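Single-structure report; data block below.
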Number of protein chains: 2
Amino acid sequence: MARSDQTQMAVLGALSIRPMTGYALREEIRSTLGHFWSESFGQIYPALAELERQDLVERLGSSDSRSSSFALTPAGNARLRDLLGEPAEPSRPRNGLLLRLFFGRQIGPDACRELILEAREKAEQQLAQMDAARSGLLADTGLDRDIPYFLLTISAGEHSARATIAWADEALASLAALDEDGTVGLGTTD
Amino acid sequence: MARSDQTQMAVLGALSIRPMTGYALREEIRSTLGHFWSESFGQIYPALAELERQDLVERLGSSDSRSSSFALTPAGNARLRDLLGEPAEPSRPRNGLLLRLFFGRQIGPDACRELILEAREKAEQQLAQMDAARSGLLADTGLDRDIPYFLLTISAGEHSARATIAWADEALASLAALDEDGTVGLGTTD
DNA sequence: ATAAGCATGTAAGGAGTTACATGATTCT
DNA sequence: AGAATCATGTAACTCCTTACATGCTTAT
């Protein structure tokens, strides 16, 4: 599955929840899908234009160029299901934190500790965000049939954040043990 | 921090463990850093050439074009530490599985179950890989001072994989509950 | 000898981000 | 009136991947 197809999938999918403008689409992708998906600005409008050209989405309301929402056509809905059925292309991991820790000997245990604490805080924040998202969701009506699936992704975010916190605590403890052993200490990194 | 800097960081970092050829570098990045970092083929040689031009790495042994290992120069080591000290740029998440599950209503619970089972299996495999990596590491001598840091990244991989497994089991249970409720059933997704 | 793996690169093209540009609407 | 936000797009640029191209070395 090509990358551009994945952008199409995200746009069609979001419009399957409810029709909206390109601007709202961008906000929705940033806020609601944000913890597991991202689309950049300069992709959404071109993607919408292409989808409209293929009659997979249509403009609702005024055909003025401004303030017109987009909605899925039946063909668009079919296309979405096709795309969802294709296997996800494996993502290329790029975890800057783990890369830095892998070479941690070069910067020493203290710098590593800081990095880990920072990651731990971000994970705590994510946990809070997931909680807020879940509350917001249950207050929203008209999404009953989608909510069970939304909850799967929120749960994934929570599990991931909790795993990060547990790992961070373990990692901090093992760095502390290193200091006591003296096997790796400040100023002895080269 | 620009992306290309991150490629430099990975290359310099790998060479800080031990000098090696471009080919070995590629293998090392794929196999050892693979679970949290990736560099594509066509980046490593240009990056090495650029680093050599800046006198951050040097060729060891024969200055023939073939079979020459690269090693960090003192300037290269300093550059590595600078890079490691810079904050990691936030990664843009693109989780194809969660994107599909978010729109899971379109494909129904059975298709979602399959996706989740697949992810669960991959996580089990990762767990086994992490275990193998840890064993291989402890057998390797001459890396004593690096090993504690390597172990941090292995532990992160394990926590992450275990979190995925726990989430998958929970998710499968909640999909099963959905079926019983009849709130979302086969053929009732539109 | 010949196949597998080691070793080094290049070139074309696609993907994705950022900055720029413009104007309408709504709130204060 | 002015600021904030809604709304739509483009263009340049960077990054990255993939496919291609070449030749050596070592084991069978």
Side-chain angles (χ1 to χ4, degrees), chain A residues 1-11 14-15 19-31 33-34 37-53 57-70 83 88-96 99, chain B residues 1-11 14-15 19-31 33-34 37-53 57-71 88-96 99:
Chain A
M1 164 170 267
R3 303 233 154 164
S4 57
D5 287 348
Q6 304 224 112
T7 296
Q8 279 204 355
M9 181 162 60
V11 169
L15 293 179
M20 58 188 113
T21 67
Y23 188 85
L25 201 48
R26 167 162 69 111
E27 273 310 291
E28 192 75 7
I29 290 175
R30 197 188 52 74
S31 66
L33 309 187
W37 196 259
S38 69
E39 287 297 341
S40 84
F41 213 61
Q43 281 175 281
I44 290 176
Y45 284 109
L48 267 177
E50 173 64 16
L51 289 170
E52 190 181 18
R53 201 188 59 72
V57 305
E58 61 185 356
R59 285 176 197 270
L60 296 181
S62 63
S63 53
D64 300 12
S65 61
R66 61 184 172 288
S67 282
S68 57
S69 289
F70 291 88
L83 288 174
E89 63 172 22
S91 71
R92 278 164 249 303
R94 282 209 136 190
N95 185 323
L99 186 65
Chain B
M1 163 170 268
R3 304 237 156 160
S4 56
D5 288 348
Q6 303 225 111
T7 295
Q8 279 205 354
M9 182 162 61
V11 169
L15 294 179
M20 58 188 114
T21 66
Y23 188 85
L25 201 48
R26 169 162 69 111
E27 274 309 291
E28 192 75 8
I29 290 176
R30 197 187 52 73
S31 66
L33 308 187
W37 197 260
S38 68
E39 288 296 343
S40 85
F41 213 59
Q43 280 176 282
I44 290 176
Y45 285 108
L48 267 178
E50 173 63 17
L51 289 170
E52 190 180 21
R53 201 189 60 73
V57 304
E58 60 185 357
R59 286 176 195 269
L60 296 181
S62 62
S63 53
D64 299 14
S65 61
R66 61 185 172 288
S67 282
S68 58
S69 288
F70 291 88
E89 62 171 21
S91 71
R92 278 165 254 300
R94 283 209 136 191
N95 185 324
L99 186 65

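Since the model is a prediction, treat every value here as computed from it, not as a measurement. Chain identifiers are assigned alphabetically (A, B, ...) following the order of the sequence lines, protein sequences preceding nucleic acid strands; residue numbering begins at 1 within each chain. These numbers come from the heavy atoms of this one structure, side chains and all, not from hydrogens, waters or symmetry mates.
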_Measuring from the side chain of B:Arg26 (C-beta onward, heavy atoms only), which nucleotide among C:dT18, D:dC16, C:dT8 has the closest atom?_
C:dT8
*Taking the side chain of B:Arg59 as heavy atoms from C-beta outward, which of D:dT10, C:dG9, D:dC16 is closest to it?*
C:dG9
_Taking A:Glu39 first and then B:Arg92, would you say they form a salt bridge - that is, a charged N and a carboxylate O separated by under 4.0 Å?_
no
*Please give, in whole Å, the distance from D:dC15 P to B:Ile44 CD1?*
16 Å
_Any base atoms under 4.0 Å from A:Ser40, or only sugar-phosphate, or nothing? Heavy atoms, all strands._
base
*Gap between atom OH of B:Tyr45 and atom CG of B:Leu25 - 0.5 Å precision*: 8.5 Å
*asked:* What is the separation between atom CD on B:Glu50 and atom P on C:dG9, rounded to the nearest whole Å?
replied: 14 Å
*Kindly indicate, with the supporting measurements, whether the criterion side-chain contact (heavy atoms from CB on, under 4.5 Å) is fulfilled by A:Phe70 and A:Arg59.*
CA-CA 5 Å; A:Phe70 291 88; A:Arg59 285 176 197 270; 3.5 Å; yes
*Taking only the side-chain heavy atoms of B:Tyr45 (C-beta and beyond), determine which of C:dT17, D:dT10, C:dA7 contains the nearest atom.*
C:dA7
*What is the distance from CG of B:Leu25 to C1' of C:dC6, rounded to the nearest Å?*
14 Å
_Output the rounded distance in Å from CZ (A:Arg94) to C1' (C:dT17)._
15 Å
*Within the pair A:Arg92 and D:dT17, is there a side-chain N or O less than 4.0 Å away from OP1 or OP2?*
yes
*Remember a base hit wins even if backbone is also touched, and classify A:Gly42 as base, sugar-phosphate or nothing at under 4.0 Å, heavy atoms.*
base
*Which nucleotide in the set C:dA7, D:dT8, C:dT17 lies at the smallest distance from any side-chain heavy atom of A:Phe41?*
D:dT8
*asked:* From CG of B:Asp5 over to P of D:dT14, roughly how many Å is that when rounded to an integer?
replied: 13 Å
*Whole-Å gap separating P (C:dC6) and CD (B:Glu27)*: 7 Å
*Atom-pair distance (CD on A:Gln43; C1' on D:dT8), nearest Å*: 16 Å
*Separation of atom CH2 in A:Trp37 from atom P in C:dT17, rounded to whole Å*: 11 Å
*Please report the closest heavy-atom contact between B:Thr7 and A:Arg94, naming both atoms and the distance.*
OG1-NH2, 3.4 Å
_Residue closer to the 5' end of DNA chain C, B:Ala24 versus B:Pro46 (nearest nucleotide)_ = B:Ala24
*Measure across A:Val57 and A:Leu48 and return the closest heavy-atom pair with its distance rounded to 0.1 Å.*
CG2-O, 4.1 Å
*Given C:dT8, C:dG16, D:dT8, which nucleotide is nearest the side-chain atoms of A:Tyr23?*
D:dT8
